[in-house]
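Because only heavy atoms are used, hydrogens play no part in the values below, and waters and symmetry mates are left out as well, while side chains stay in. Just follow the structure's listing: the first ligand is 1, and inside any ligand the first atom is 1.
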Amino acid sequence: MLTGKTIIVTGAASGIGAATARLVQAWGGRVIAVDRHQPADPVDAFFAADLSDRASIDALVAALPAGAHGLANIAGLPPTRPAAEVLRVNFVGLKHLTTRLVPNLADGAAIVNLASLAGLDWAEALPAVRASQDLAFEDVEAFCRDHGIAGARSYFFSKEALIAWTLRHRWTWRDRGIRMNAVSPGPVDTPILKDFVATLGARAEQDMAVMDRAGRPEDIAPVVGFLLSDASAWIRGANIPADGGLYAHVLDRRHRL
Ligand SMILES: NC(=O)c1ccc[n+]([C@@H]2O[C@H](COP(=O)([O-])OP(=O)(O)OC[C@H]3O[C@@H](n4cnc5c(N)ncnc54)[C@H](O)[C@@H]3O)[C@@H](O)[C@H]2O)c1
């Protein structure tokens, strides 16, 4: 499904990013891995970068080869980390990398953003979500203060803002055939799952109790791979849940179907 394509995968050293890198190679593509840490699995190229830092992202964009056919924005921080750092990596840095990289991507390239079930209620936070869309690195602390974004809320908000940003840019690069979509996993068994359970407490336990099992990185990677492939050419600005049915369950309960 990805033969001949070169895909940039951020967060490729762990969890869902590492599984995506393996899948891209299994589907015939080349992987350019980006992370703070060197991936343990073999990749075609690796670039170390701190995706919370504008200068590091700018240096990365200057170093990356031009002409990639896909960008999988998978690097992310859990809700146990400081709010501003979470917002920087999960949203502001992702936006910066993507918008800087687009001129260097091949025409027809696909961008996939790893959002989350945690971002499901983005429409309930519209003033902050609207205000965040052009948020710059230097304004993150003030933004968190002004919008009451602290603690675990930062993780939820980063994913709400990302889902909204993805759908807003459904056609931004349409003249070059470049499209962008999001994938929203439920709880997935990676090193950060314990952070979610620790931070979200009863809510995480309730979610886990109704599920037959937690997700695995290998449940999410094929959805990312499909969105990177030409098979999904008419899917644009979408947010696809991959969560063992949890989103459907939440909606069913909420609307008393
Ligand atoms: N695990 C889950 O339950 C779950 C659920 C929904 C969404 N997600 C999302 O999936 C994505 C991947 O998460 P995961 O579960 O595989 O986590 P993980 O911790 O296994 O992997 C995250 C990767 O991102 C990298 N990273 C973090 N900060 C970075 C930075 N500043 N610069 C460069 N690299 C950085 C880490 O080094 C790590 O390799 C995240 O965006 C996360 O929010 C995860």
Side-chain angles (χ1 to χ4, degrees), residues 8-23 31-41 43 46-61 64 71-82 84-98 112-120 137 140 152 154-163 165-166 182-200 203-205 207-208 211 213-221 223-224 239-244 246-247:
I8 299 166
V9 181
T10 78
S14 180
I16 297 167
T20 299
R22 288 192 296 272
L23 177 121
V31 171
I32 298 179
V34 174
D35 206 293
R36 285 178 302 187
H37 307 297
Q38 170 93 41
D41 295 331
V43 289
F46 168 63
F47 291 82
D50 177 357
L51 298 173
S52 70
D53 180 76
R54 189 206 329 243
S56 180
I57 295 171
D58 289 343
L60 171 69
V61 171
L64 283 169
L71 167 65
N73 283 314
I74 302 183
L77 288 179
T80 44
R81 303 295 287 272
E85 201 186 332
V86 171
L87 207 48
R88 273 199 199 90
V89 176
N90 293 9
F91 182 54
V92 179
L94 182 157
K95 275 193 315 135
H96 190 69
L97 173 63
T98 304
V112 182
N113 299 325
L114 246 291
S116 170
L117 183 65
L120 143 91
F137 282 100
V140 169
S154 67
Y155 183 81
F156 282 74
F157 183 75
S158 70
K159 300 300 187 181
E160 290 166 359
L162 179 57
I163 291 169
W165 190 73
T166 304
V183 176
S184 280
V188 179
D189 193 2
T190 71
I192 62 176
L193 183 58
K194 62 180 183 331
D195 296 84
F196 292 111
V197 176
T199 330
L200 306 180
R203 185 187 153 163
E205 275 161 31
D207 285 353
M208 296 307 292
M211 302 203 65
R213 63 170 174 87
R216 302 180 189 111
E218 291 73 21
D219 292 318
I220 311 305
V223 186
V224 179
N239 173 39
I240 300 190
D243 59 9
L246 200 49
Y247 181 37

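- Looking at P217 and V188, their side chains come closer than 4.5 Å, going by heavy atoms from C-beta outward.
- When side chains are defined from C-beta on, V43 does not count as touching I32, because their heavy atoms never get closer than 4.5 Å.
- Looking at atom 3 (O) of ligand 1, its nearest protein heavy atom turns out to be V188 N, 2.7 Å.
- Close approach of ligand 1 to L51 is summarised as follows: ligand atoms under 4.0 Å from at least one heavy atom of the residue are 30 (C), 31 (N), 32 (N), 33 (C).
- The heavy-atom pair separating L193 from P187 by the smallest distance is CD1-CB, 3.7 Å.
- Residue G15 has at least one heavy-atom neighbour below 4.0 Å for each of these atoms of ligand 1: 16 (O), 20 (O).
- Atom numbering of ligand 1 starts at 1 in the shown order; those under 4.0 Å from a heavy atom of G186 are 3 (O), 5 (C), 6 (C).
- The nearest protein atom to atom 15 (O) of ligand 1, hydrogens excluded, is given as T190 OG1, 2.5 Å; this is a heavy-atom distance.
- In terms of protein heavy-atom proximity, atom 40 (C) of ligand 1 is closest to I74 O, 3.2 Å.
- When all heavy atoms are compared, the tightest approach of F156 to A118 is CD2-O, 3.2 Å.
- When atom types are taken as modelled, the side chain of K159 and the backbone of L114 share a donor-acceptor pair closer than 3.5 angstrom.
- Looking at V89 against ligand 1, only its side chain comes within 4.0 Å, counting heavy atoms.
- Side-chain atoms of D195 and T80 include a donor-acceptor pair closer than 3.5 Å.
- Shortest non-hydrogen contact noted between A12 and D35 is N-OD2, 3.2 Å.
- For the pair N90 and ligand 1, the shortest N or O to N or O distance does not fall below 3.5 Å.
- Close contacts between ligand 1 and G11 involve ligand atoms 23 (C), 24 (O), 39 (O) [criterion: under 4.0 Å to a heavy atom].
- Here the protein heavy atom with the shortest distance to atom 8 (N) of ligand 1 is Y155 OH, 3.6 Å.
- Ranking the protein heavy atoms by distance from atom 29 (C) of ligand 1 puts R36 NE, 3.4 Å first.
- In this structure, the protein non-hydrogen atom closest to atom 19 (O) of ligand 1 is I192 CG2, 3.2 Å.
- Across all their heavy atoms, T199 and A152 have their closest contact at CG2-CB, 3.3 Å.
- Closest heavy-atom approach to atom 6 (C) of ligand 1 within the set G119, A12, P185: this belongs to P185.
- Residue-ligand proximity, A49 to ligand 1, at heavy-atom distances under 4.0 Å covers atoms 32 (N), 33 (C).
- The distance from ligand 1 to the heavy atoms of D50 drops below 4.0 Å at these ligand atoms: 30 (C), 31 (N), 32 (N).
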Scan the side chains in residues 86-93 for donor-acceptor partners under 3.5 Å anywhere in the protein, sequence neighbours excluded, and list what turns up.
unit_1 : atom_1 : unit_2 : atom_2 : d
R88    : NH2    : E141   : OE1    : 2.8
R88    : NH2    : E141   : OE2    : 3.1
N90    : OD1    : L77    : N      : 2.8
N90    : ND2    : L77    : O      : 3.1
N90    : ND2    : S158   : OG     : 3.2

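- Closest heavy-atom approach to atom 39 (O) of ligand 1 among the candidates I16, D35, L162: D35.
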Using side-chain contact (heavy atoms from CB on, under 4.5 Å), reason through V223 and V112 one step at a time and then give a plain yes or no.
CA-CA 10 Å; V223 186; V112 182; over 6 Å; no
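- With a 4.0 Å cut-off on non-hydrogen atoms, D189 does not touch ligand 1 at all.
- The nearest protein atom to atom 18 (P) of ligand 1, hydrogens excluded, is given as S14 OG, 3.6 Å; this is a heavy-atom distance.
- Ligand 1 lies nowhere less than 4.0 angstrom from a heavy atom belonging to P78.
- Formation of a donor-acceptor pair under 3.5 Å by the S184 side chain with backbone atoms of I240 is not found in this model.
- P241 and Y247 make their closest contact through CG-CD2, 3.3 Å (heavy atoms, listed as atom of the first residue, atom of the second, distance).
- Considering every non-hydrogen atom in both M211 and D243, the closest pair reads CE-O, 3.2 Å.
- With hydrogens and angles disregarded, no donor-acceptor distance shorter than 3.5 Å links the side chain of N113 to the backbone of A115.
- Less than 4.0 angstrom separates some heavy atom of H37 from each of these atoms of ligand 1: 37 (O).
- Looking at A115, G76, P79, it is A115 that brings a heavy atom closest to atom 7 (C) of ligand 1.
- Using a 4.0 Å heavy-atom cutoff, K159 is listed among the residues neighbouring ligand 1.
- Within ligand 1, the atoms closer than 4.0 Å to a non-hydrogen atom of L114 are 10 (O), 41 (O), numbered from 1 in the order shown.
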